[in-house]
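Every chain is numbered from 1, with letters handed out A, B, ... down the list of sequences.
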Number of protein chains: 2
Amino acid sequence: MPRVVDHARRRAEIAEALWRVVRRDGITATSVRGVAAEAGTSPSALRHYFTTQDELLGFALRTLIERVASRLAPELPGLEGRDGALRILGEVLPMDEERRAEVEVYLAFVARSTTDPALRAVRDDVDEATRAAVAYALQLLERAGELGAGRSAAAEADRTYPLVDGLAVHGTLWPERYPPAHLRRVLEHHLDELSTALSS
Amino acid sequence: MPRVVDHARRRAEIAEALWRVVRRDGITATSVRGVAAEAGTSPSALRHYFTTQDELLGFALRTLIERVASRLAPELPGLEGRDGALRILGEVLPMDEERRAEVEVYLAFVARSTTDPALRAVRDDVDEATRAAVAYALQLLERAGELGAGRSAAAEADRTYPLVDGLAVHGTLWPERYPPAHLRRVLEHHLDELSTALSS
DNA sequence: CTCTTTTTCGCACAGTCGTACTACCAAAGG
DNA sequence: CCTTTGGTAGTACGACTGTGCGAAAAAGAG
């Protein structure tokens, strides 16, 4: 066997290089040559790991999603009550620079995914997974009795999901106007509200 | 005087052609040649109205925003109470195909605006204007006594704005999963909530 | 008619894109 | 040592990009 290289690790490194290029130049100006330069290699070497650009883009997006998911998944079984719900909902929010970068890259991919079927499929999965995560957070509240009388976990999830997504977008696009403290305050205010009884 | 052409109208037509191209091919694949073909002219003729591509993109985005704003502005003074608030908040939501198209194009521009200073400025203005519109809607509720006791119009605006924006994004990206009826139901549920007293 | 001016068209230039192809290089097995 | 093979680099090709330039067309003024 010749020169051994960790294939999976190399692909992941290239994906991370792509994220940096997308953040710096935008997804429109993200080229195979640019990513190769950022990763410190040549376009030809890059093509050894990804035969086509679409494959590279798809892998980079899927890796990004998996990174977020794998950060939340392991501790998910141990979560309970309001703190657990906050932990879940807060994971999507850009509370630090790392997560802000992730959302920023993701937003660029979302725009592209409207006209790219492969990316579109990933986008649909992300929506499904996020919605499920929010629904689970609401169930944690309900189970802990932190959901006010007369409230439906499903109905409140329908409202909480777009709220959290909207907060994530705002916090990512305008971090000065909507800093982490603001996001947290709005989210906590919302959870406070959910704990009160719903008077018809 | 030679062949007279309504300059402003022609520019608007070209902008609309650009919107169609962005929806069809994505903003990444939106080229001067493509827009010219969609508008039924040549790239050279197009260049007579927009000397550079950045100028074309900026004008198209600004025109899109003005279109939404001019639809809401005239009837804004006459709006009152819950119906008025619903009217304002509903304007941003993709309740019909036309508005869904607008939001879709806008989302494409948002992605681009992260790396384009001129578009970025417009994006910042849109955030400011939308936030002000939501705040105004909340004031309408407050003035009509439809804001529950103990509630602050400002604090509820902080929560309502990302909610509406999130609903708009969801309804645009996944119109089958989040159809107009769903958006309206979630929004009304939220307004119902705002009319109740806030128990500390 | 001619002249003038706005609009349009065709062509060309330099640059970048994705990707195919070929040669080279390094390291492990014999 | 040599051979084999995964990885890398260079180069090239055709297509497409934004944009500049010069000529043609078209219509009102004289």
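Whole-Å rounding puts the Gln53(A) CD to dA20(C) C1' distance at 15 Å. Distance CD1 (Ile14(B)) to P (dT8(C)): 8 Å, rounded to an integer number of Å. Atom-to-atom, CG of Asp6(B) to P of dT7(C) comes out at 10 Å; the value is rounded to the nearest Å. In this structure, Glu55(A) atom CD and dA20(C) atom P are separated by 12 Å, rounded to whole Å. In this structure, the CD1 atom of Ile27(B) is 12 Å from the P atom of dG18(D), given to the nearest Å. Remark: P of dT7(C) and CZ of Arg9(B) are 15 Å apart, rounded to the nearest angstrom.
A heavy atom lying under 4.0 Å from DNA chain D marks the following residues of residues 31-48 of chain B, by number: Ser31(B), Val32(B), Arg33(B), Arg47(B).
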(Q) Under the criterion side chain to side chain contact (heavy atoms under 4.5 Å, CB included), I'd like the reasoning laid out for Ile65(A) against Leu61(A): C-alpha separation, chi angles, the key distance, then a yes or no. (A) CA-CA 6 Å; Ile65(A) 302 307; Leu61(A) 175 56; 4.2 Å; yes
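Using a 30° and 60° split on the angle between ring planes, His48(B) and His7(B) fall in the perpendicular class, above 60°. Between His170(B) and Trp174(B), the angle of the ring planes goes over 60°, which puts this pair in the perpendicular group of the 30/60° scheme.
Put simply, the residue from Asp192(A), Leu140(A), Leu194(A) that forms a side-chain contact (heavy atoms from CB on, under 4.5 Å) with Arg82(A) is Asp192(A).
Ion pairing of Arg159(B) with Glu193(B) is absent here, as no side-chain N (NZ or NE/NH1/NH2) approaches a carboxylate O to less than 4.0 Å. A salt bridge does not link Asp54(A) to Arg112(A): none of the charged side-chain nitrogens sits closer than 4.0 Å to a carboxylate oxygen.
Across all strands shown, Tyr49(B) has heavy atoms under 4.0 Å from sugar-phosphate atoms exclusively, and none from any base.
Between Thr52(A) and dT19(C) there is a side-chain polar atom (N or O) within less than 4.0 angstrom of OP1 or OP2.
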